[in-house]
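In what follows, chains are A, B, ... by sequence order, proteins preceding strands, each numbered from 1.
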Amino acid sequence: MKKEKKNKPSKELPLGFADRQEKELLVRDFIISNIKEVMTKYGFQYLETPSFEYSDSIGKFLPDKERPDEGVFSFKDENKWLSLRYDLTAPLARYVAKNFLEIPKPFKRYQLGAVWRNEKPGPGRFREFLQFDADFVGTKSLQADAELCVMISEILERCGLAKVDYIIKISSRKITEELFKKININDNQQKLTALRALDKIDRLGWEEVKQLLGEGRKDKSGDFTKGANLGKQNIEIIEKELKKKLPDTEDLKEVIKIFKNYNFSNFKFDPSIIRGLEYYTGLIFEVNLKFDVKNNKGQIIQFGSIGGGGRYDNLVNNFGNYDAPATGISIGLDRLVYAIMQKKEFKLKRLKPVVICVFDKNFMREYINLLLLLRDAGISAEIYPGESKLKKQMEYANKIQSPAAILYGEDEIKLGKPTVRNLITGNEKSIEIKELINEIKKII
RNA sequence: GCAGCAGUAGCUCAGUUGGUUAGAGCACUAGUUUGUGGAACUAGGGGUCGGUGGUUCGAAUCCACCCUGCUGUACCA
């Protein structure tokens, strides 16, 4: 006989979703406030678009046609399909196309928000995550691209990173394009596989990448990845060309010149960065952290880039006939938060409330008077939110890391002198009410 | 998706060649004399041993499948 199973609701989270606790949220808020300040300083508009869009608005016109309908959360509303946005760029393109006649040209906007991807999550990757995007729409000027790099580096440094902690890698799609033309690769599939292989140079090294350009490679776990099947000669040419490659395309020369004017030097030309496969059209860049990031077991994990961006001159155009060359940057905020939490010991402890202990409900009026006094002085305070013995109240105050407890029982009330217990040192002091604010301020 | 490893209490784990009512530490709850947290002591609650099916007199332990997690790899708008 089986016991009857009680159908309790599941306490598990859906795959790829996470609760976020205060410790993390405070760091996130800190980063976001830096982002907002810097973005305002750089003259970007703040924009918010809805979480849902019509599926065709964000799917159909995507340049990556390999899997246009996969990976998004969708449902049918009446008879139209809606999808949760999977990035902030597609909604931007839609917004620009919709409001093209009214908005300034060029249009500069930044946006912060969650995006959703319906796919199996990986290490440090979720199905719901926060992105920060900044874009210029409607300008071909490489001044815009340069500003994005300068701006993200200012944000990172404000968040506590030093120049040695990160690097902006730059390259241009034109380099690989020319290279493929030179060795006569025309098969699109082969091109894509080759691009993916080249993308991995810094992680795997040339030897392994050459395997991927050729027949394929086995990874650490023994899994085999098929390669691009290029001829040996062509592989040699690619290696030789890229190794000696200089940033000599027009766009790279130009943007490096602009960096110089900004006195910005924390970048590196790296022909191996590739980014989104069919998306970018010219200059591309990637923001990489240079310090080790560990998981909660203390193992160092492959963290890779926290974001990047580049020029996409055709996206907005897909919505209509507007010519809107654009460039943008996109940062994965959760990963940045995770990395920064490890890099710096953050002293972002939120001020916890002073706890006023409740001896007797009949004294509530006195307690509220003290409470208002403290709060009016801008001090976080609360009356113990429950009905328990004093011991429990002290345990509670300790648990929430309250700086001080105020004891105001019958004896104290008669004297009009509450007792302030410093919960860090354990010292107690009986003081006049008018001294209360000063006393608390001394503690916190 | 592919590969390797893992899944026993909220957390970290132990569990002998399959054998009574499955354990420890930490955490939690209640006490250790009436109004005092972080230490100590006492007592207590909590687990269909990831799930389902199978082998067996008997399964946390063996087998199969599935689920979940970690790490790598692939994909990534």
Side-chain angles (χ1 to χ4, degrees), chain A residues 1-6 10-16 58-72 83 85-93 115-125 127 129 131 192-193 196-197 199-200 203-204 208 212 216-227 274-280 294-297 299-302 304-305 308 312 315 318 330 332 355 357-360 363 384 388-413 419-428:
Chain A
M1 282 285 137
K2 278 187 180 173
K3 272 188 214 166
E4 204 182 321
K5 200 175 181 179
K6 269 191 188 169
S10 170
K11 55 185 190 265
E12 303 307 320
L13 288 168
L15 177 66
I58 55 169
K60 212 173 177 179
F61 298 108
L62 277 169
D64 186 345
K65 296 178 192 79
E66 272 183 79
R67 33 190 297 210
D69 300 323
E70 281 179 47
V72 285
S83 297
R85 65 188 177 205
Y86 56 78
D87 74 1
L88 299 177
T89 310
L92 169 68
V115 302
W116 295 266
R117 295 187 187 181
N118 188 7
E119 55 195 23
K120 192 174 176 178
R125 297 190 179 247
R127 292 159 96 197
F129 55 98
Q131 272 199 340
L192 292 179
T193 312
R196 287 181 194 126
D199 196 27
K200 298 175 177 67
R203 193 150 45 82
L204 300 178
E208 311 230 10
L212 282 173
R217 139 178 200 273
K218 257 191 192 174
D219 71 39
K220 258 198 265 177
S221 64
D223 192 24
F224 186 77
T225 309
K226 263 205 275 180
I274 303 295
R275 307 292 306 164
L277 290 179
E278 293 184 44
Y279 184 84
Y280 293 108
K294 294 173 184 169
N295 66 9
N296 55 14
K297 285 179 183 164
Q299 300 165 299
I300 293 171
I301 53 176
Q302 289 285 345
S305 74
Y312 54 101
L315 193 59
N318 287 328
S330 181
V355 174
C357 295
V358 178
F359 287 80
D360 190 321
F363 302 146
Y384 175 76
S388 304
K389 294 198 286 192
L390 191 57
K391 185 180 164 94
K392 293 290 151 221
Q393 302 191 34
M394 297 302 286
E395 281 171 1
Y396 167 82
N398 185 50
K399 183 85 179 174
I400 66 166
Q401 297 179 307
S402 164
I406 293 176
L407 306 170
Y408 204 39
E410 206 174 345
D411 302 343
E412 285 96 343
I413 289 174
T419 298
V420 174
R421 184 178 175 89
N422 181 328
L423 290 173
I424 300 151
T425 63
N427 294 334
E428 271 182 19

Atom CD of A:Glu410 with >12 non-hydrogen neighbours under 6.0 angstrom: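 Open.
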
Options B:rU36, B:rA74, B:rG37, nucleotide nearest the side-chain atoms of A:Leu204: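 In terms of side-chain proximity for A:Leu204, the closest of B:rU36, B:rA74, B:rG37 is B:rA74.
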
Taking OP1 and OP2 of [N], is either one under 4.0 Å from a side-chain nitrogen or oxygen of [X]?
| X | N | answer |
| --- | --- | --- |
| A:Lys200 | B:rC75 | yes |
| A:Lys391 | B:rG37 | yes |
| A:Arg196 | B:rC75 | yes |

How is [X] classified with respect to the nucleic acid when contacts are heavy atoms under 4.0 Å: base, sugar-phosphate, or nothing?
| X | result |
| --- | --- |
| A:Ile424 | base |
| A:Asp360 | nothing |
| A:Glu412 | base |

Rounded distance (Å) that lies between atom C1' of B:rC75 and atom CG of A:Leu192: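 For the pair A:Leu192 CG and B:rC75 C1', the rounded distance is 12 Å.
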
Write down the distance between CD1 (A:Ile274) and C1' (B:rA74), rounded to a whole number of angstrom.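 One finds 16 Å between C1' of B:rA74 and CD1 of A:Ile274, rounded.
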
Between A:Thr419, A:Ile413, A:Val420, which is the residue that forms a side-chain contact (heavy atoms from CB on, under 4.5 Å) with A:Tyr408?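 Among A:Thr419, A:Ile413, A:Val420, the one that satisfies the side-chain contact (heavy atoms from CB on, under 4.5 Å) with A:Tyr408 is A:Ile413.
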
With centres under 5.5 Å and planes under 30°, do A:Phe359 and B:rG35 count as stacked?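 Not stacked: fails the 5.5 Å / 30° test.
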
Walk me through it: do A:Tyr384 and A:Tyr396 pass the test ring-ring contact (aromatic ring centres under 6.0 Å, His included)? CA-CA 8 Å; A:Tyr384 175 76; A:Tyr396 167 82; 5.2 Å; yes

Taking N and O atoms by type only, does the side chain of A:Gln401 place a donor or acceptor under 3.5 Å from a partner on the base of B:rG38?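 Not at all, since no donor on one side and acceptor on the other fall under 3.5 Å apart.
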
Taking all heavy atoms of A:Leu423 and all of A:Ala404, pick out the closest pair and write down the distance.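 Closest pair (atom of A:Leu423, atom of A:Ala404, distance): CD1-C, 3.8 Å.
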
Under 3.5 Å, N/O pairs linking protein and nucleotides 25-30 of chain B:
residue : atom : partner  : partner atom : Å
B:rA30  : OP2  : A:Lys392 : NZ           : 2.9

Taking only residues two or more places apart in sequence, or in another chain, which ones meet A:Ser83 in a side chain to side chain donor-acceptor pair (under 3.5 Å)?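 Side chain to side chain donor-acceptor pair (under 3.5 Å) list for A:Ser83, sorted by chain: A:Ser55, A:Ser74.
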
From A:Met394 CE over to A:Leu407 CG, what is the distance, rounded to the nearest 0.5 angstrom?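 If we round to the nearest 0.5 Å, A:Met394:CE and A:Leu407:CG are 6.0 Å apart.
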
